[in-house]
Amino acid sequence: MTKPEPKAGGIGVSFLPDSRQTQVAEGDHLLLAALKAGVGIKSVCGGRGKCGSCLVELEPADAAALSPAGDEEIALLPPAREGKYYRLACMAKVRGALRVAIPPESQALKSPPRKPYTVTRIALAPAVKRVALDVEGAYVEPLRPLATRITAALARAGQGKVELPLAALAEFSHEPDFDSSKDVSATIQNRRVLQLSRGKPRTLYGLALDIGTTSIVVFLCNLERGDIAAVRTASNPQAAYGEDVISRMTHIYSDVAMLATLQKLLVDEINRMVADAAQEAGVALADIADAVVVGNPTMQHILLGINPAPLGRGPYLPVLCDGVEVEAASMGLAMMPRAPVFVLPMPAGYIGGDTVSAVLTRGPEFYRGNNLLVDIGTNGEVVLAKDGVLTATSCATGPVYEGAHIACGVRAAPGAIERVWVEDGRNLRWAAIPPDGERDKRPVGLCGSGVISTVTALAGAGLIGSDGAFAAAGSHPRIRASAKTRQLEALLVPGMGSRTGRDIVFTQQDVRAVQLGKAALRAGIEILLREEGVTQLDHIYLAGTFGNHLEPRDIVAIGLVPPLPVERIESIGNAAGDGARMALFNRRERRRAHKLAHSMRVVELSNRADFQDMFVAATELSDATIDLEGA
């Protein structure tokens, strides 16, 4: 393949393996070029040259087309091999036309994340409806203007108190023969006409959107049957500006114009997903008449065009807590222009509509006894229900459970190792997510569930102590000192057996990262239990993509959650998405979400004097109970 030819006004950059091309200005970083080309590259640190995750490969002939690597970048680069050179996309500036390859471990958007959901039935009471109108002809005596005749038709259809806005009438006037149509369909919400169209009513559809820091899920739903017409999942394209919310807030804090940039990235990706889902289901975008959105507070703020800066500084409060409803057109969403978009309430700065939505899915059993709902991700949300009283907190677990900040960490996609075990007390074994139609079944790295499984397996075999320290080098054939850092590490897959050609290892630093994330979550849980005087839980419900792929015995063994029989730990899938669909199918669930949000007492861990002691105690990798009195 030849290099892209420079065009007027830009320098050509081509990205492999997808052969995508774009034009950038001289001096632009490769990471920006990738974003413009629609190429997903991991950027854990948000493009600040700190993590080394945005690694790219290039031929020697292309090296001169980039700015020279500085000492900080060189320290993060692997050695050149087989005529291939490596650079960091966030630090390499474009000087001339070139082509670069994105290795599998650096690809962020190649494969959409796995997002399980639960098929549930709920009583239908959607917020929108369509009504057939029989509009009298223009020559029927007495002669009356079209607006009056439509209003009369609404009254005859039992919608006498429904308002007919000028905007809906003006839009209808663009249709051919609009003033002579006898059969007219009116889309109505809250006694207000959203849309008029010629002909008999068509089926109404709605959207349930689950917007996370890492991924986005779009459910296109049939509002008349109460089922899912199509589902789309994708990685959040804002990851180019950092894989955690703090990185993205920092960009906005530095330049408030970045708010519009991040919002547009989000809306454009949602629109692409909606269009794709609608095409699959044979649905016209104009027939999508309602939407419910859930997400963490930062994502909800950005989607609404609200600066999330207050979330990143004390006292960590959202700009607004209540659920809001806005018109789709005001957000640029590709659906019926005046369709309502309901964004669930967020009880606190780090407890968002996604947590409220997850709680919404729980039945009466959740409110009997002592039950815990845990959503483990870049941020860990915990909700304790003690005899019906809800208390919640949020823990800064970090992106380690998404595979970030791990030496060989990757997203949960084909080729990612998701399970590790020790066979016969000595042999390390692994299982990876099966490839989608790819012949190459070699692994790429470790995803979040593989990270937890690795720690559990190594600790269970005595290769890692309860303090997180590796056994001595040579104590096992796979325990060695890194040639680069001299730190101890476990060799999981030799380079000849990996797709990248490099060893897949689990390092001492990886263990420490897991301990920090694990300690933050467990300390948050223990403080909630202490607050409410709970010494024994009845059930633990694991929500979210990561929670759905965890082995209960693994998380109990390393103390990620309090000790509990594994049969009482249940994965409930993408509960946030499930709750969003409930609120889409039945408008009363939106009112219930408001009540849940207002009744939920939130414990802010940053204000707790006992958090640090609890955190330190929780770093131990064991299934022991943490002494609430002694901590």
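If you're wondering where the values come from, they're calculated on a predicted model, not measured in any experiment. Starting from 1, each residue takes its place in the sequence as its number.
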Are the side chain of Arg248 and the backbone of Met299 linked by a donor-acceptor contact shorter than 3.5 Å? no

Can Glu57 and Tyr86 be said to form a side chain to side chain contact (heavy atoms under 4.5 Å, CB included), step by step? CA-CA 5 Å; Glu57 291 179 351; Tyr86 297 98; 3.2 Å; yes

Find out whether Val374 and Leu560 are in side-chain contact, i.e. whether some heavy atom of one side chain is under 4.5 Å from a heavy atom of the other. no

In Å and rounded to the nearest 0.5 Å, what is the CD1 to OG1 distance from Ile527 to Thr393? 7.5 Å

Hey, does the side chain of Tyr350 reach the backbone of Leu311 with a donor-acceptor pair shorter than 3.5 angstrom? yes

Ignoring hydrogens and geometry, is there a side-chain-to-backbone donor-acceptor pair from His301 to Val319 under 3.5 Å? yes

Is it the case that the side chain of Asn271 and the backbone of Asp268 share a donor-acceptor pair, with hydrogens and angles ignored and the cut-off at 3.5 Å? no

So does Ser606 get a backbone contact from the side chain of Glu604, meaning a donor-acceptor N/O pair under 3.5 Å? yes

What distance separates Ile464 CD1 from Leu458 CG, expressed to the nearest 0.5 Å? 4.0 Å

Quick one: does any side-chain atom of Arg87 pair with a main-chain N or O of Leu58 as donor and acceptor, under 3.5 Å? no

Any donor-acceptor pair under 3.5 Å linking the side chain of Glu620 with the backbone of Ser466? no

Any donor-acceptor pair under 3.5 Å linking the side chain of Gln508 with the backbone of Phe470? yes

Can you find a heavy atom in the side chain of Asp510 that is under 4.5 Å from one in the side chain of Val451? no

Please check if any side-chain donor atom of Arg512 sits under 3.5 Å from a side-chain acceptor atom of Gln509, or the reverse. no

Kindly check if the number of other-residue, nucleotide or ligand heavy atoms within 6.0 Å of CZ (Arg429) is above 12? yes

Side-chain contact, heavy-atom cut-off 4.5 Å: Arg442 with Val493? no

Output yes when a side-chain donor or acceptor of His29 lies under 3.5 Å from a complementary backbone atom of Ala89, and no otherwise. no

Please step through side chain to side chain contact (heavy atoms under 4.5 Å, CB included) for the pair Ile302 and Ile211, ending with a clear verdict. CA-CA 11 Å; Ile302 291 174; Ile211 304 173; over 6 Å; no

Heavy atoms, side chains only, cut-off 4.5 Å: are Val422 and Leu428 in contact? yes

Should Arg95 and Glu26 count as an ion pair when the cut-off is N to O under 4.0 Å? no

Under a 3.5 Å threshold, yes or no: a donor from one side chain and an acceptor from the other, between Thr355 and Asp375? no

Is a side-chain donor or acceptor of Ser453 paired with a backbone partner of Ser449 at a separation under 3.5 angstrom? no

